[in-house]
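Just so you know, these numbers use all the heavy atoms, side chains as well, and skip hydrogens, waters and symmetry mates. Just so it is clear, the model here is predicted, and its values are computed rather than measured. Below, read A as the first sequence line, B as the second, and so on, with proteins coming before strands; counting in each chain starts at 1.
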Protein chains: 2
Amino acid sequence: MENKTARFEKLLVKNGLKRTGPRLQVLEILSGRDSATSQPYLEQVMGKNADRVTLYRVLQAFEEKGIIHKVLDQQGTANYAICSDGCSAHEHHDEHVHFNCDNCHKIYCLDTVKIPALKVPAGFKVEHLNLIATGLCASCSDKVN
Amino acid sequence: MENKTARFEKLLVKNGLKRTGPRLQVLEILSGRDSATSQPYLEQVMGKNADRVTLYRVLQAFEEKGIIHKVLDQQGTANYAICSDGCSAHEHHDEHVHFNCDNCHKIYCLDTVKIPALKVPAGFKVEHLNLIATGLCASCSDKVN
DNA sequence: ATATAAAAGCAATATAGTTGCATTTAAAAT
DNA sequence: ATTTTAAATGCAACTATATTGCTTTTATAT
């Protein structure tokens, strides 16, 4: 694999964002995880490397640029995951299913599962769809059996 | 229509809950609305008729008994709506679509729109589905045109 | 009328997120 | 290399939502 940090630096520059410590660290953390990551977790892991407010602003900037997307968990807490290709500042294309495991509480982006089209009552104009499934993830249902 | 308060009182008794002022008022408010109602709104409307904590506990009790269901809005704030028949303390059956209007911010329960079944990756066990659509509700898309 | 479990009230605290402003710094311009 | 400057960070204070422990009140059964 190519140098990861270099890739992240390019990504920042491409989006008109300066190459800063907190930003690189957030990308580093998010890219190393197989599920969406909560703000509180990020805050804890980053420790004193960045102020809480900085973290919030980094996340907001990344979301606006289409670098990450936000998904709320069952408690309403923000979780973030790196976007698939095809997202940009102009539009997110993350209309995949999010799977919320009742056991390990991880939130998986099921990129392969598309949200089916929907018939809504007359007059309603659907702009975006957000489907959250809950249950047991592959790893946890394994353990139970 | 039959006396509404009497109906609510029966509902409480049926669920082993005492007939109290705050509880009746919450039912009164929720039943008079055409969309899900946020905790902050309820708190404001109830004013000094009930303590904040009481309100939270009423909502929690109702949810546990299957009288109301909770849906989080895009900010992660809890909103509540009276359940359709068929919900109970043992299980909720509110797997309808929630429609979140970008303009008036009302959350509609689209009871008639069922969530389509879903194919998920091997190993994942889906327990519940929660589909939130955003866009313009019938009333708001009317106004725009 | 009384007893009692349940509910409500009150105070304090937790958690997530925001705002305004001063300081620092990455990167552009010289 | 230095300087400049817009962008980013840090800090302090604050807001909103939600929770916990404990005391008092009350709906209901006896």
Side-chain angles (χ1 to χ4, degrees), chain A residues 5-6 8-28 36-65 67-80 89 105 107, chain B residues 5-6 8-29 36-65 67-68 70-80 89 105 107:
Chain A
T5 303
F8 294 150
E9 293 182 354
K10 264 196 224 165
L11 183 62
L12 291 178
V13 171
K14 191 182 89 185
N15 284 285
L17 299 171
K18 288 184 179 168
R19 187 204 61 95
T20 70
R23 285 173 177 168
L24 287 170
Q25 199 184 349
V26 168
L27 290 174
E28 197 65 52
T37 303
S38 71
Q39 184 284 330
Y41 175 88
L42 284 167
E43 186 176 326
Q44 184 204 305
V45 170
M46 311 239 337
K48 65 177 196 44
N49 293 352
D51 189 80
R52 281 165 45 70
V53 177
T54 298
L55 175 55
Y56 277 107
R57 290 198 271 231
V58 166
L59 293 170
Q60 190 186 302
F62 283 2
E63 199 190 359
E64 278 164 10
K65 297 297 186 180
I67 297 173
I68 63 177
H69 63 278
K70 168 157 69 173
V71 47
L72 301 180
D73 63 22
Q74 283 149 322
Q75 284 74 249
T77 303
N79 284 252
Y80 298 90
H105 302 294
I107 300 177
Chain B
T5 305
F8 294 150
E9 294 183 353
K10 262 196 222 164
L11 183 61
L12 292 177
V13 171
K14 192 182 90 186
N15 284 284
L17 300 172
K18 289 183 181 172
R19 187 203 63 94
T20 69
R23 284 173 178 169
L24 287 171
Q25 199 185 350
V26 168
L27 290 174
E28 198 67 50
I29 297 171
T37 303
S38 71
Q39 185 283 328
Y41 176 89
L42 284 167
E43 186 176 327
Q44 184 204 305
V45 171
M46 311 241 335
K48 62 177 202 45
N49 292 354
D51 190 80
R52 283 167 44 74
V53 178
T54 297
L55 174 56
Y56 277 106
R57 288 197 271 233
V58 166
L59 292 171
Q60 189 186 306
F62 284 2
E63 200 189 358
E64 278 165 8
K65 297 297 186 179
I67 296 172
I68 62 177
K70 168 156 68 173
V71 48
L72 301 180
D73 64 24
Q74 283 149 322
Q75 285 73 251
T77 302
N79 285 251
Y80 297 90
H105 302 294
I107 300 176

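- A donor-acceptor pair is defined here as one N or O able to donate and one able to accept, closer than 3.5 Å; no such pair exists between the side chain of B/Asn15 and the backbone of B/Leu17.
- Residue pairs meeting the salt bridge (Lys or Arg N to Asp or Glu O under 4.0 Å) criterion with at least one partner in residues 12-21 of chain B, sequence neighbours excluded, are B/Glu9-B/Arg19.
- By the 4.5 Å heavy-atom criterion applied to side chains, B/Tyr56 and B/Asp51 are not counted as neighbours.
- Regarding B/Leu59, its CG atom lies at a distance of 14 Å from the C1' atom of C/dA8, rounded to whole Å.
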Between the protein and nucleotides 18-25 of chain C, list the N/O to N/O atom pairs that are separated by less than 3.5 angstrom.
none

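- Protein atom CD of A/Glu63 is 11 Å distant from nucleotide atom P of C/dG17, rounded to whole Å.
- If you take CG of B/Asp51 and P of C/dA11, they are 9 Å apart, rounded to a whole angstrom.
- Across all strands, A/Ala78 comes closer than 4.0 Å only to sugar-phosphate atoms, never to a base (heavy-atom distances).
- At the heavy-atom level, A/Gln39 lies under 4.0 Å from the strands shown only through sugar-phosphate atoms.
- Among all heavy-atom pairs drawn from B/Met46 and B/Pro22, the shortest one is CE-O, 4.1 Å.
- Separating the CG atom in A/Asp73 from the CD1 atom in A/Ile107 is a distance of 4.5 Å, to the nearest 0.5 Å.
- Residues A/Gly76 and B/Leu72 share a closest heavy-atom pair of N-CD1, 3.4 Å.
- Distance check, rounded to the nearest 0.5 Å: CG of A/Leu11 to NZ of A/Lys65 gives 11.5 Å.
- With 3.5 Å as the limit, one finds no donor-acceptor pair spanning the side chains of B/Gln39 and B/Tyr80.
- For the pair B/Lys48 NZ and C/dA8 C1', the interatomic distance rounds to 14 Å; values are reported in whole Å.
- Nearest-nucleotide positions on DNA chain C place B/Ala50 closer to the 5' end than the other of B/Ala50 and A/Thr20.
- Atom CZ of B/Arg19 is separated from atom P of C/dA8 by 11 Å (rounded to the nearest Å).
- Protein chain B contacts DNA chain D over a range whose 5' and 3' limits, counting nucleotides with an atom under 4.0 angstrom from a non-hydrogen atom, are D/dT17 to D/dT28.
- Here the side chains of A/Thr20 and A/Leu12 are not in contact, with every heavy-atom distance at 4.5 Å or above.
- Straight-line distance from the CG atom of B/Leu72 to the P atom of C/dA16: 14 Å, rounded to whole Å.
- Rounded to whole angstrom, the span from the CG atom of B/Leu17 across to the C1' atom of C/dA7 amounts to 10 Å.
- Rounded to an integer number of Å, the gap from CG of B/Leu24 to P of C/dA7 is 13 Å.
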